[in-house]
**Q** 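Got a structure here, written out as structure tokens. Questions coming.
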Amino acid sequence: MHKDKSTDITPLADIMARLRDREKGCSWDIEQNFKSIAPYTVEEAYEVADAIERDDMGALKDELGDLLLQVVFHSQMAEEEDKFNLQDVIDNICEKMTRRHPHIFGDVSANDAKTVTDNWENIKAAERGAGTDSSALAGVALALPALLRAQKIQKRAARTGFDWPDAEGPKAKIIEEIEEVEAANSQEELADEIGDLLFAVVNLARFYSVDAEIALKQANVKFERRFRAMEAISGSNFVSLSLDQKENLWQLVKVQEKQ
């Protein structure tokens, strides 16, 4: 591991500029644009998260490099269109981080995490107010996973006072939405009502300080673990088992996990 205090991103920027060279560059890299590269950017961010989840530092180093390449790729394309360049991106985030940490770089005192978080959100709100979209919901990225985006817009709305007084509100809303799902008369209505139901469940999770995205992720892991255990117990016969037999296996696996 290099111990140098300075970090030079220039070699990576030079590689990307070479790849995008219209005469001598790579045909694949040349034909890409912001929209075609965006899915790769999202994918690399997920792979970073996966490496962290697996506590694999070697993979994390590799995936962070891939994610950094995405930043350089987008910056290179923007520079070609005279919009901004990589240095502008770096300068912008440095200025933003300095502005949002007045307790470190300014004269504002903050002795606890809650004050720091409140200051951060107030500064972000002021930044939104100075933009073209002054809504409390401005800036919540459309491309976020749906559960995560629901959490963020609910929190934003709550800061304006538009919120249930306690958890009984979202609990009652969940029951109401289940009834509306059952009363739906078309596939379109059904999809709409199930969406409302999911939104209400996220709201309940928020009231209990549970991250809905993480909770569902953990539920996925738990289901996969138990399902694989069922398959291992039954061997190649699993598909041919009756539903009752599979349910018995499921209950057996649950008991074994508790032992």
Side-chain angles (χ1 to χ4, degrees), residues 7-54 59-97 99-100 120 124-125 127-157 187-188 191-192 194-196 198-199 202 211-214 216-217 220:
T7 301
D8 187 6
I9 198 174
T10 304
L12 183 57
D14 290 342
I15 289 172
M16 180 51 63
R18 176 71 179 274
L19 292 173
R20 291 278 297 179
D21 185 278
R22 297 296 171 180
E23 295 182 0
K24 300 180 180 179
C26 171
S27 58
W28 186 89
D29 291 278
I30 292 171
E31 69 182 17
Q32 301 309 309
N33 55 50
F34 295 111
K35 289 186 177 180
S36 68
I37 287 298
Y40 295 100
T41 308
V42 174
E43 178 182 346
E44 296 301 348
Y46 275 115
E47 291 183 355
V48 166
D50 179 68
I52 294 172
E53 185 73 19
R54 293 184 286 106
L60 179 58
K61 180 180 70 173
D62 185 60
E63 298 302 344
L64 285 172
D66 291 343
L67 185 58
L68 180 59
L69 176 63
Q70 295 298 307
V71 175
V72 173
F73 207 144
H74 285 285
S75 299
Q76 175 62 34
M77 291 187 290
E79 183 173 3
E80 292 167 5
E81 298 181 9
D82 293 323
K83 304 296 184 183
F84 59 82
N85 59 29
L86 181 59
Q87 189 60 54
D88 294 327
V89 172
I90 295 172
D91 290 345
N92 186 73
I93 188 59
C94 288
E95 190 277 331
K96 182 189 295 184
M97 293 301 290
R99 183 176 68 249
R100 292 184 178 179
W120 176 279
K124 288 177 66 176
E127 292 171 354
R128 291 193 297 271
T132 56
D133 186 352
S134 59
S135 170
L137 306 182
V140 181
L142 293 172
L144 286 173
L147 287 180
L148 179 57
R149 190 164 193 272
Q151 289 178 155
K152 285 184 173 293
I153 62 178
Q154 287 173 4
K155 287 180 180 179
R156 292 278 190 89
Q187 191 65 26
E188 183 178 356
D192 185 62
I194 288 179
D196 291 343
L198 290 171
F199 193 84
V202 172
D211 187 303
E213 186 76 21
I214 293 176
L216 182 57
K217 182 178 181 181
N220 289 340

**Q** Are any side-chain N or O atoms of Ser75 and backbone N or O atoms of Val71, one a donor and one an acceptor, separated by less than 3.5 Å?
**A**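 Yes, because the side chain of Ser75 sits within donor-acceptor range (under 3.5 Å) of the backbone of Val71.
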**Q** Could you measure the distance from the CD atom of Gln32 to the OG atom of Ser27? Nearest 0.5 Å is fine.
**A**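 Gln32 CD to Ser27 OG: 9.5 Å, rounded to 0.5 Å.
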**Q** Is there side-chain contact between Asp14 and Pro11, with heavy atoms separated by less than 4.5 Å?
**A**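 The answer is no; the side chains never approach within 4.5 Å.
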**Q** Using the rule given for side-chain contact (heavy atoms from CB on, under 4.5 Å), can you reason through Met77 versus Ile37, listing the C-alpha separation, both sets of side-chain angles and the distance that settles it, and then say yes or no?
**A** CA-CA 10 Å; Met77 291 187 290; Ile37 287 298; 4.2 Å; yes
**Q** Tell me, yes or no, whether the heavy-atom count around Arg18 atom CZ, taken from other residues, nucleotides or ligands under 6.0 Å, exceeds 12.
**A**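 For Arg18, atom CZ is not crowded (no more than 12 foreign heavy atoms under 6.0 Å).
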**Q** Is the count of non-hydrogen atoms from other residues, nucleotides or ligands lying under 6.0 Å from Glu31 atom CD greater than 12?
**A**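 Yes, enclosed.
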**Q** What distance do Gln76 atom CD and Asp21 atom CG have between them, rounded to the nearest 0.5 Å?
**A**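 Spacing of CD (Gln76) from CG (Asp21) equals 9.5 Å.
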**Q** If you compare all heavy atoms of Ile30 against all heavy atoms of Leu19, which two are closest, and at what distance to 0.1 Å?
**A**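 Closest approach of Ile30 to Leu19, heavy atoms only: CG1-O, 3.6 Å.
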**Q** Report, as yes or no, whether the 6.0 Å neighbourhood of atom CZ on Phe199 holds more than 12 heavy atoms from other residues, nucleotides or ligands.
**A**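 Atom CZ in Phe199 is crowded, with more than 12 foreign heavy atoms closer than 6.0 Å.
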**Q** Determine, for Arg20 against Glu79, whether the closest basic-nitrogen to carboxylate-oxygen distance falls under 4.0 angstrom.
**A**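 Between Glu79 and Arg20 there is no salt bridge, as every charged N stays at least 4.0 Å from the carboxylate O atoms.
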**Q** Does Glu188 CD have over 12 foreign heavy atoms under 6.0 Å away?
**A**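 Not buried by this count: 12 neighbours or fewer within 6.0 Å.
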**Q** Can you name the nearest heavy-atom pair linking Leu60 to Ile52, along with the distance?
**A**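 It is CD1-CG1, 3.7 Å.
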**Q** Compare every heavy atom of Ala136 with every heavy atom of Arg156, then report the nearest pair and how far apart it is.
**A**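 Minimum heavy-atom separation between Arg156 and Ala136: NH1-O, 2.9 Å.
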**Q** I would like to know whether Asp66 and Glu63 meet side-chain contact (heavy atoms from CB on, under 4.5 Å); could you show each step before the answer?
**A** CA-CA 5 Å; Asp66 291 343; Glu63 298 302 344; 3.4 Å; yes
**Q** List the steps, then state whether side-chain contact (heavy atoms from CB on, under 4.5 Å) holds for Phe73 with Thr41.
**A** CA-CA 10 Å; Phe73 207 144; Thr41 308; over 6 Å; no
**Q** Using 30° and 60° as the class limits, which term best fits the ring planes of His74 and Phe34: parallel, tilted or perpendicular?
**A**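 Parallel: the ring planes of His74 and Phe34 meet at under 30°.
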**Q** My understanding is that only one of Leu144, Val140, Val202 makes a side-chain contact (heavy atoms from CB on, under 4.5 Å) with Gln151; could you say which?
**A**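 The side-chain contact (heavy atoms from CB on, under 4.5 Å) with Gln151 is passed solely by Val202 among Leu144, Val140, Val202.
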**Q** Would you check, one step at a time, whether the test side-chain contact (heavy atoms from CB on, under 4.5 Å) holds for Leu68 with Glu44?
**A** CA-CA 9 Å; Leu68 180 59; Glu44 296 301 348; over 6 Å; no
**Q** Using distance alone, with no hydrogens and no angle criterion, decide if Thr10 and Asp8 have a side-chain donor and acceptor under 3.5 Å apart.
**A**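 Their side chains do contain a donor-acceptor pair, which is all the 3.5 Å distance test asks for.
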**Q** Quick one: CZ on Arg149 to CG on Leu137, what's the gap to the nearest 0.5 Å?
**A**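 So the gap between those two atoms works out to 8.0 Å.
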**Q** What are the two closest non-hydrogen atoms of Glu213 and Leu148, and how far apart are they?
**A**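 Distance-wise, the nearest heavy atoms are OE1-N, 3.4 Å.
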**Q** Measure the spacing between CG of Leu198 and CG of Leu147 and express it to the nearest 0.5 Å.
**A**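 Taking CG in Leu198 and CG in Leu147, the distance rounds to 7.0 Å.
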**Q** Ala13 and Leu86: which non-hydrogen atoms are nearest, and at how many Å?
**A**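 Where Ala13 meets Leu86 most closely, the heavy atoms are CB-CD2, 4.0 Å.
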